[in-house]
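Notes follow the structure.
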Amino acid sequence: MMKKLRAVLCFLAMAACCIGSMPGAVEAAGSAGDISLSVNGEKLVELKPAIVDGSIFVPIRAVSQLPVFKADWDQKTKTVSVTNTSSKEVLKLTLNKDLAYKGKHKLKIDAPPRSIDGLIYVPLRLISETLAAHVAWDAETRTVMLYSFPENPDLESPDLVTARQAALQLPKVGFHESLGYTNDVRVTKYYFPYGQARKFFIQKGEYIGFYEVREGAAWQTWEGKIASKEKQESDVIDGLVPAVSKEWGKRPSYKGSYVYYSHGWMGGSLNYGIIEEDGTRKETGSADNVFDKVKLTPIEGEKRID
């Protein structure tokens, strides 16, 4: 993970250097090739990255939106304190000073915090490397992704319900814009390949997305708008998606049975069962009073295989 992180940050740094290399120069994202910032899967329209002397900076307000991070600003000392509430690690930086503290340890930094257009900006590389935040970069959309979530050992549980519940709680991230939304949807459907917890589909109305758990998040790698098909045509995704009118990403190639959960969150209903490879559905149970977040239920005889 750290090796990949350094590669991402080095790429961003090289891109920054190509944009502007004058000492002390500050480039807002909009004038630096329109680089966007996404935090935990949410694109922040009002908060943009900045490039200062070849380093990527992000507003401290963006860092504070990470679920396990807390950011405080001391106006008197001009000090930023960033706390990872999961690991309890604290990073302290002082405006325009090249010395930082991680706990009691001193750190010499190349890019100190800056005040830009009235906002406090901190160096992305320092935050990610010292406090275990994840960073990703997408060249096609020119987006910097910053995300974090408390490590959950339940993801590795041999109990499928426990592992699947943990997977659904991860931040859902991706670089592609959603294809759209179906109005007045009151049922969310979840599909897991039989025996697996780290890959799943979520369907809301006409739209269905595929997610894979990796690097501390559930990454959306495909989305389609469900459509009807001609009788002679094969399913776009066997037994699950008959056809799509539009889609993006790499279409999942899984062949086999699925476990499904249909959550009517408005009415508190939950129906679950198995979808066979030929598309035959067998409901194995139901539950009431399941409001807000879905609470999964074991499927008799199913064992974890991933």
Side-chain angles (χ1 to χ4, degrees), residues 41 43 138-141 143 160-161 164 167-168 170 172-214 217-287 290 294 296-306:
K43 189 173 182 179
D138 183 61
E140 182 179 350
T141 60
T143 301
L160 269 170
V161 168
R164 285 171 173 168
L168 292 178
L170 290 172
K172 296 171 182 63
V173 301
F175 290 111
H176 203 287
E177 295 287 341
S178 175
L179 292 176
Y181 302 92
T182 303
N183 293 328
D184 199 28
V185 173
R186 302 186 182 188
V187 176
T188 301
K189 299 177 181 179
Y190 305 87
Y191 306 96
F192 290 88
Y194 192 85
Q196 299 186 39
R198 302 181 72 87
K199 297 179 180 180
F200 56 91
F201 294 83
I202 297 179
Q203 180 185 347
K204 296 180 180 180
E206 304 170 282
Y207 298 92
I208 184 168
F210 179 66
Y211 298 82
E212 297 179 88
V213 175
R214 64 174 188 265
W219 281 88
Q220 185 173 10
T221 58
W222 176 84
E223 183 187 19
K225 183 179 182 181
I226 299 173
S228 58
K229 69 169 185 176
E230 300 295 332
K231 290 185 178 180
Q232 67 273 17
E233 293 180 340
S234 299
D235 286 351
V236 167
I237 299 176
D238 289 344
L240 190 62
V241 182
V244 292
S245 59
K246 54 183 178 178
E247 63 182 317
W248 63 262
K250 183 179 179 180
R251 187 184 295 173
S253 58
Y254 173 78
K255 294 181 181 295
S257 301
Y258 293 91
V259 167
Y260 75 87
Y261 298 90
S262 181
H263 182 211
W265 46 269
M266 180 71 78
S269 65
L270 179 68
N271 300 86
Y272 51 91
I274 297 173
I275 303 175
E276 301 294 350
E277 189 170 352
D278 63 1
T280 302
R281 295 186 178 227
K282 178 184 177 183
E283 185 171 312
T284 60
S286 61
V290 185
V294 64
L296 306 184
T297 302
I299 301 297
E300 185 177 357
E302 187 186 20
K303 304 290 185 182
R304 185 169 186 180
I305 60 175
D306 64 346

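Just so you know, these numbers use all the heavy atoms, side chains as well, and skip hydrogens, waters and symmetry mates.
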message: Counting only heavy atoms from other residues, nucleotides and ligands, does the tally under 6.0 Å from NZ of Lys229 exceed 12?
response: yes
message: What I want to find out is whether Lys172 reaches Glu223 closely enough, with some N-O distance under 4.0 Å, to be called a salt bridge.
response: no
message: Tell me whether the rings of Tyr272 and Tyr261 are parallel (<30°), tilted (30 to 60°) or perpendicular (>60°).
response: tilted
query: More than 12 heavy atoms of other residues, nucleotides or ligands under 6.0 Å from CZ of Arg186: is that the case?
result: no
query: For Glu233, does the CD atom have more than 12 heavy-atom neighbours from other residues, nucleotides or ligands under 6.0 Å away?
result: yes
task: Any chance you could measure Arg281, atom CZ, to Ile275, atom CD1, to the nearest 0.5 Å?
output: 3.5 Å
- prompt: Could you state the interatomic distance from NZ (Lys225) to CD (Glu247), rounded to the nearest 0.5 Å?
  reply: 13.5 Å
query: Heavy atoms, side chains only, cut-off 4.5 Å: are Ile305 and Tyr194 in contact?
result: no
field: Stepwise side chain to side chain donor-acceptor pair (under 3.5 Å) test for Glu276 and Ser257
entry: CA-CA 5 Å; Glu276 301 294 350; Ser257 301; 3.3 Å; yes
query: Quick one: CD1 on Ile208 to NZ on Lys189, what's the gap to the nearest 0.5 Å?
result: 9.0 Å
message: Please check this pair: side chain of Arg164 against backbone of Thr297, looking for a donor-acceptor N/O pair closer than 3.5 Å.
response: no
- prompt: Between Thr182 and Glu206, what is the shortest heavy-atom contact and its length?
  reply: OG1-N, 2.9 Å
- request: Look up atom CG in Asn271 and atom OH in Tyr260, then write down how far apart they are to the nearest 0.5 Å.
  value: 6.5 Å
message: Any heavy-atom pair between the side chains of Pro242 and Ile226 that's under 4.5 Å?
response: yes
message: Check whether Asp138 reaches the backbone of Thr143 with its side chain - one donor and one acceptor, N or O, closer than 3.5 Å.
response: no
- prompt: So Tyr258 and Phe201, would you call those rings parallel, tilted or perpendicular, with 30° and 60° as cut-offs?
  reply: perpendicular
query: Going by heavy atoms in the side chains, are Thr188 and Tyr190 under 4.5 Å from each other?
result: yes
task: Provide the closest heavy-atom pair for Ala227 versus Ser245 in the form atom of the first, atom of the second, distance.
output: CB-N, 3.8 Å
- line: d(Ile274 CD1, Thr284 OG1) to nearest 0.5 Å is 6.0 Å
- prompt: Just wondering, do Arg251 and Ile237 contact through their side chains at under 4.5 Å, heavy atoms?
  reply: yes
message: Evaluate Arg304 against Leu160 for side chain to side chain contact (heavy atoms under 4.5 Å, CB included), listing each step before the verdict.
response: CA-CA 6 Å; Arg304 185 169 186 180; Leu160 269 170; 3.7 Å; yes
task: Measure the acute angle between the ring planes of Phe175 and Trp219, then classify it against the limits of 30° and 60° as parallel, tilted or perpendicular.
output: tilted
query: Could you state the interatomic distance from CD (Gln220) to OG (Ser178), rounded to the nearest 0.5 Å?
result: 7.0 Å
